[in-house]
Amino acid sequence: MFSLHSAPRLRTVLTGLALTGLAVTTAQGFASAAPAPVHERGAARVSAVDAIEDGAARSLALSLSDRAWQRQVSGALAQGKAVGLRGLAAGSATRGAGGLGAHLAQADRQVADAKGLGADAGPLLQVRLVGAAADGVEPLVASSPSDDNATVVVAYDSAGKAYELAADHAPDRPVYLIDVDTDKATEAGLKVLRDELAAAGLQAPAAAPVNTAAAATGFWTTRVTAVTVSDVKEPWFKGAAEIFDLVTGFGLDGKVRVDTVTMPYLDDENKTYYPNQILVNWSLYKYNLADVVMMEDDGDTNYSSLAKALAAVLLTITDQGAYIPLVNAVIDAMPSSWWTDDPDYVDSWYTLATTTTGTRTGASGNGRMTFDRYYVSAL
């Protein structure tokens, strides 16, 4: 997450207006938000995940009227690290936590559904402290909008009053920020993506080589020795970026192949990382060329929909006996609504070859990767 700024604008807004279409207060005083179609709130895009997180944020804020529970939450988040929200509530015997648990369990299930993940994805909502805690200053509770271009972030106090925080500056009072654990969600989501691509025939296993003795000696790869991204598209209300790559080419069976590579370390913009990470396994490809599309998930990506969209376009491309660049096909497969933030397109690299070495800037000028050739020897 890139550096934060100070001196925000903070103003009170009518709670009912801020929550229209997003959350409904239950008889127990906790907000309930079911997945809803993407719609608009002012200039910001509001998705199903946004609505669920907003309901969870208001529920947590209301629960903090229990001072014993408020002290436990404060202690758990004092280090600024994200904490699983459901686990935090489950570990407390306070009245505030007890009333919160059932809503959080429902919210976690709804988030998993909205992201196209299976029931075994586990709890996904987390909370972290933004800004420094201050004696006598009650933290507000907000959720992270999925739209990086949002102009305001709605937050709540323990009385349920809503506030608008300026999205272009970090708040000058402590805020408990609820969002999706993108580490866990990306891991589960890429498994869904791989499984659905394989079912569609876009990740067929490598064909058995003719010369098994030669194949047993190892295979050539393209390795990333350094990577820098100028903009990881993460404003203050987002956590660390979750970067993943779609590596595309033609498999040994002549069909388009898509492989996924995660870059979980790539968090900060304009910082160079040195992962020595294998990006392309050339033993899986028919031609000596492959393309890479770098993307970022910050909470709202539906991986099942992404897999279906990719399959619908890429299955129409047939092997013509020569390599066909696939970056544009991957980009064209993304529904137009996803370009708001679901998921973010970061950059792309065309026509990497087994001989590609040195530093190459992506087609959009946003990323740079340094490549070398690396031979993986058999044991």
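Between the CZ atom of Arg257 and the CG atom of Leu252 there is a distance of 8.0 Å, given to the nearest 0.5 Å. Here the OG1-CE distance, from Thr361 to Met369, works out to 10.5 Å after rounding to the nearest 0.5 Å. Residue Asp372 holds its CG atom at 8.0 Å from OG1 of Thr357, rounded to the nearest 0.5 Å.
Ser230 has its side chain within reach of Arg368: a pair of non-hydrogen atoms, C-beta onward, lies under 4.5 Å apart. In this structure, the side chains of Val293 and Thr248 stay at 4.5 Å or more apart for every pair of heavy atoms. Leu246 is listed as a side-chain neighbour of Leu310, based on a closest heavy-atom distance under 4.5 Å.
For the pair Lys115 (side chain) and Val49 (backbone), a donor-acceptor distance under 3.5 Å is absent. Panel note: side chain Gln110, backbone Ile52; no donor-acceptor pair is recorded below 3.5 Å. When atom types are taken as modelled, the side chain of Thr221 and the backbone of Tyr374 share a donor-acceptor pair closer than 3.5 angstrom. Between the Glu53 side chain and the Val111 main chain, no donor and acceptor come within less than 3.5 Å of each other. Looking only at distances, a side-chain donor or acceptor of Asp253 sits under 3.5 Å from a matching main-chain atom of Lys255. Without hydrogens or angle criteria, Asp347 side chain to Ser364 main chain gives a donor-acceptor distance under 3.5 Å. Between the Asn302 side chain and the Ala114 main chain, a donor and an acceptor come within less than 3.5 Å of each other. Between the side chain of Asn366 and the main chain of Val229, no donor-acceptor pair closer than 3.5 Å is present. Put simply, the side chain of Asn276 never gets that close to the backbone of Arg223: no donor and acceptor are under 3.5 Å apart. The main-chain N or O of Asp268 is found under 3.5 Å from a side-chain atom of Tyr273 such that the two form a donor-acceptor pair.
The side-chain contact (heavy atoms from CB on, under 4.5 Å) with Thr351 is formed by just one residue from the set Thr356, Val292, Asn288, Asp291; it is Asp291. Each of Val152, Leu177, Val175 was evaluated against Leu165; a single residue qualifies, Val175, per the side-chain contact (heavy atoms from CB on, under 4.5 Å) test.
Between Tyr287 and Phe250, the ring-plane angle classifies as perpendicular under the 30° and 60° cut-offs.
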* For Thr225 and Thr370, run side-chain hydrogen bond (donor to acceptor under 3.5 Å, both in side chains): C-alpha distance rounded to whole Å, both residues' side-chain angles, the deciding distance at 0.1 Å, then the answer. => CA-CA 6 Å; Thr225 59; Thr370 302; 4.8 Å; no
* **Verdict with reasoning, Thr354 to Tyr285, per side-chain hydrogen bond (donor to acceptor under 3.5 Å, both in side chains)** => CA-CA 11 Å; Thr354 56; Tyr285 291 88; over 6 Å; no
* To do: Decide side-chain hydrogen bond (donor to acceptor under 3.5 Å, both in side chains) for Ser283 and Asn281; before the verdict, give the C-alpha distance in whole Å, the side-chain angles of both, and the deciding distance to 0.1 Å.
  => CA-CA 6 Å; Ser283 70; Asn281 176 352; 2.7 Å; yes
* **Check against side-chain contact (heavy atoms from CB on, under 4.5 Å), Leu352 and Leu279** => CA-CA 10 Å; Leu352 299 182; Leu279 183 65; 4.1 Å; yes
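Taking 4.0 Å as the cut-off between side-chain N and carboxylate O, Asp179 and Arg128 count as a salt-bridged pair. Salt-bridge formation is detected for the pair Asp195/Lys191: a Lys NZ or Arg NE/NH1/NH2 atom is positioned less than 4.0 Å from an Asp or Glu carboxylate oxygen.
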Could you list the donor-acceptor pairs under 3.5 angstrom formed between side-chain atoms of residues 65-72 and any protein atom two or more places apart in sequence or on another chain?
unit_1, atom_1, unit_2, atom_2, d
Ser65, OG, Leu62, O, 2.9
Asp66, OD1, Ala68, N, 3.2
Asp66, OD2, Arg95, N, 3.2
Asp66, OD2, Gly96, N, 2.8
Trp69, NE1, Ser63, OG, 2.8
Gln70, NE2, Leu64, O, 3.0
Gln72, OE1, Ser92, OG, 2.6

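Under a cut-off of 6.0 angstrom, the local environment of CZ in Arg360 is crowded, with over 12 non-hydrogen atoms contributed by other residues, nucleotides or ligands.
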